[in-house]
Student: 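Structure provided below as structure tokens; questions to follow.
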Amino acid sequence: MSTVFIALQANEETRPIIEAIEIDNPAAVVNRQPAMVKIDAEGSLVIRKATIEEQLGRSFDLQELHINLITLTGHVEEDDDSLTLSWNS
Amino acid sequence: MDMKVAKKKLGLKEKYRTMTRDLGWEPSYHSKDELFPYVGYEGIKIHDWDKWEDPFRLTMDAYWKYQAEKERKFYAIIDAHAQNNGHLNLTDARYLSALKIFLQAISPGEYAAHRGFARVGREFPGVGPQVACQMQAIDEIRHAQTQVHAMSNYNRYYNGFHAFADQRDRIWYTSVARSFFDDSMSAGPFEFMIAIGFSFEYVLTNLLFVPFMSGAAYNGDMATVTFGFSAQSDEARHMTLGLEVIKFILEQDPDNLPIVQNWIDKWFWRGFRVLGLVSTMMDYMLPKRVMSWREAWEIYGVENGGALFKDLARYGITPPKGWDDAGKAIDHMSHQFMLGLYQWSFGTAFHAWIPSDDDMRWLSAKYPDTFDTYYRPRWEHIKKMAAAGTPFKNYGLAKLCQTCQLPCVFTEPDDPTLTCHRETDYKEHKYHFCSDGCQHVFENEPEKYIQAWLPMPQLFQDPVNGDLGEWMKWVSLLDGKDNGDYADSEDKKNFEVWRGLATTNQ
Ligand SMILES: [Fe+2]
Ligand SMILES: [Fe+2]
Ligand SMILES: [Zn+2]
């Protein structure tokens with residue numbers, strides 16, 4: 001399985017998002033680099049609105065991710081509740 | 001009195017359909033062929049434009065909201081940077097060479113991408129790609145503007161930032177990036193999408209922006225971190241569009257595969273050559289290194305590109321033709337390039353320098369198979385020449401590759417002691433190339449590339465007529481200020497006076 005990743009700016013807005021990603025993807029590897037955090041996962045990675053809202057303590061529109069996104073790989077599948085990155089092989 | 005109207009909130013998919021697809025219409029007083037005249041001649045067959053899916057399903061109203069938020073964040077930091085003498089937080093003013101190259105060669109590329117996406121957004125018949133291309137066109141002009149604005153803060157204090165627009169048009173090394181974008185903009189709409197949307201944004205942009213931004217963060221350049229992040233937050237959408245485009249084209253008709261594969265081969269190699277400039281930045285120009293060019297290639301080239309092409313294999317796509325040659329060049333290109341930049345530094349609007357002993361220790365650790373064998377001896381020799389008061393300067397003109405417009409400074413893929421040189425005769429002229437990849441690109445479309453503007457022939461035309469001083473005037477290069485060895489530069493003197501000695505790389 002190939003690796004997918006997402007990289008976010010390291011700031012106060014993304015801290016709870018990164019915590020949520022860690023909760024929903026226990027096998028993912030979190031690399032903290034200066035000013036950015038890159039999260040790698042085998043095959044696929046899921047980001048869930050509900051988990052982020054729990055960490056954040058407020059409602060969260062998944063499209064707010066765009067503000068702090070740096071880069072990602074894999075096919076993107078997004079609806080109101082989750083965003084999934086995956087490779088087909 | 002206002003009436004409270006119960007508003008049902010639309011789901012993401014519904015909203016995207018309503019605010020994107022439903023904006024399209026069937027033309028009634030012109031035919032579709034008249035409206036979209038360029039969509040057929042490349043041979044790409046599209047049967048159903050509605051199959052186009054934007055995975056992010058971003059609509060214009062949300063787009064403006066998030067872009068405004070990004071701009072607010074950007075200007076808050078740029079203002080703070082200017083108000084607090086942010087330029088004095090740099091590790092060392094050598095770092096600025098990387099920024100100068102970026103401003104002269106890359107930011108104009110953002111503007112070119114803006115023009116390209118504005119054009120193809122008009123030329124595609126489907127509403128999905130029209131909206132996505134419109135957003136990207138606006139993103140790209142924002143990138144050009146925020147970059148110029150952020151770097152203008154350095155222009156108050158340092159040389160080499162004052163004439164980027166002239167240099168974009170006239171100086172020799174920027175023609176590498178310019179010809180790349182001009183090539184894509186003068187191609188058909190589908191080729192443009194594969195060139196910029198897929199090959200550049202998806203396959204290569206990570207190699208440019210991610211290490212560049214981390215480099216800025218490591219070297220105390222808050223302004224660049226900020227414009228980099230602000231631009232990069234759009235890139236994930238651009239990359240996703242690039243991947244979507246290629247899937248869409250390939251799923252529409254099996255006849256599209258060979259055309260697309262040919263474009264992937266071409267644009268991977270074109271892009272790889274442009275990124276050669278980044279390799280020197282990562283291995284030589286950052287006083288505080290982030291990772292080597294080789295390490296960045298492992299992560300974003302081998303690992304990520306490998307995953308991508310494995311995934312696309314189900315459509316019959318194979319890795320680009322030049323992929324193996326690129327892999328072989330990785331351990332050599334930054335050294336060969338930097339040696340070139342040093343010997344021609346009289347003609348660059350940024351500084352080059354001889355790597356220090358610390359720098360060379362780092363380079364041999366990062367390039368154990370090549371640096372000590374092939375490149376350290378050259379630098380040591382150049383160092384001796386400089387110490388003897390006879391610095392190595394090459395006033396000969398570089399032979400440029402007709403395709404990528406880089407000087408032919410690279411070696412054979414399998415023999416690092418032999419310069420790589422290819423030539424093709426076409427219509428009674430001889431054309432030169434730096435590599436098999438560039439020669440193939442030319443031979444597929446010779447009528448396009450024989451028209452290329454090349455900076456060296458320009459030297460012998462009006463208004464320069466072979467005169468170096470006239471050339472400097474023409475490209476707005478201030479001799480003794482913008483160019484030459486960093487060791488003797490005003491930038492170095494001023495920075496040291498202003499902030500004191502810089503940190504080392506230990
Ligand atoms: Fe851009
Ligand atoms: Fe872009
Ligand atoms: Zn070339």
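Chain letters run A, B, ... following the sequence lines, proteins first and then strands; every chain starts at 1.
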Student: Could you tell me which non-hydrogen atom of V210(B) sits nearest to which non-hydrogen atom of I70(A), and how far apart they are?
Tutor: CG2-CG2, 4.4 Å
Student: So which residue, I67(A), L83(A), L72(A), ends up with the most heavy-atom pairs under 4.5 Å with chain B?
Tutor: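 Looking at each option in turn, the highest pair count goes to I67(A).
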Student: Around M222(B), counting heavy atoms of other residues, nucleotides and ligands shown, do more than 12 lie under 6.0 Å from its CE?
Tutor: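 12 or below, so no.
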Student: Mind checking the CZ-CG spacing from F5(A) to N206(B)? Nearest 0.5 Å is all I need.
Tutor: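 Result: 5.0 Å between the selected atoms.
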Student: What option among K13(B), E235(B), K247(B) has the most heavy-atom pairs under 4.5 Å with chain A?
Tutor: K247(B)
Student: What part of D81(A) is in contact with chain B, defined as an atom under 4.5 angstrom from a non-hydrogen atom: side chain, backbone, both or neither?
Tutor: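 Neither part.
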Student: To the nearest 0.5 Å, what is the distance between CD (Q9(A)) and CE (M213(B))?
Tutor: 8.0 Å
Student: Does H75(A) form a side-chain contact (heavy atoms from CB on, under 4.5 Å) with L243(B)? I'd like the steps, not just the answer.
Tutor: CA-CA 8 Å; H75(A) 304 285; L243(B) 187 56; 3.6 Å; yes
Student: Nearest 0.5 Å please: distance from the NZ atom of K70(B) over to the NE2 atom of H66(A).
Tutor: 7.5 Å
Student: With rounding to the nearest 0.5 Å, note down the distance linking CD in Q63(A) to OH in Y63(B).
Tutor: 13.5 Å
Student: Mind checking side-chain hydrogen bond (donor to acceptor under 3.5 Å, both in side chains) for K38(A) and listing every partner two or more places apart, or none if nothing turns up?
Tutor: D40(A)
Student: Which heavy atom of T73(A) sits nearest a heavy atom of Y202(B), and at what distance?
Tutor: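 Of all heavy-atom pairs spanning T73(A) and Y202(B), the closest is CA-OH, 3.5 Å.
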Student: Are K73(B) and N11(A) packed together at the side-chain level, in the sense that at least one heavy-atom pair is separated by less than 4.5 angstrom?
Tutor: yes
Student: What closest approach, in Å, do E78(A) and F56(B) show between heavy atoms, and which atom pair accounts for it?
Tutor: OE1-O, 3.2 Å
Student: Could you check whether any side-chain N or O of N88(A) sits under 3.5 Å from a backbone N or O of D311(B), counting only pairs where one atom can act as donor and the other as acceptor?
Tutor: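 Such a contact is absent between N88(A) side chain and D311(B) backbone.
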Student: Once you round to the nearest 0.5 Å, how far does CD of E201(B) lie from OG1 of T71(A)?
Tutor: 10.0 Å
Student: Using every non-hydrogen atom in the two residues, find where L69(A) and A236(B) come nearest and quote the distance to one decimal.
Tutor: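 Scanning both residues, the minimum pair turns out to be CD1-CB, 3.4 Å.
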Student: Would you indicate whether the side-chain heavy atoms of N68(A) and F229(B) approach each other to under 4.5 Å?
Tutor: no
Student: For L312(B), is it the side chain, the backbone, both, or neither that has a heavy atom closer than 4.5 Å to a heavy atom of chain A?
Tutor: neither
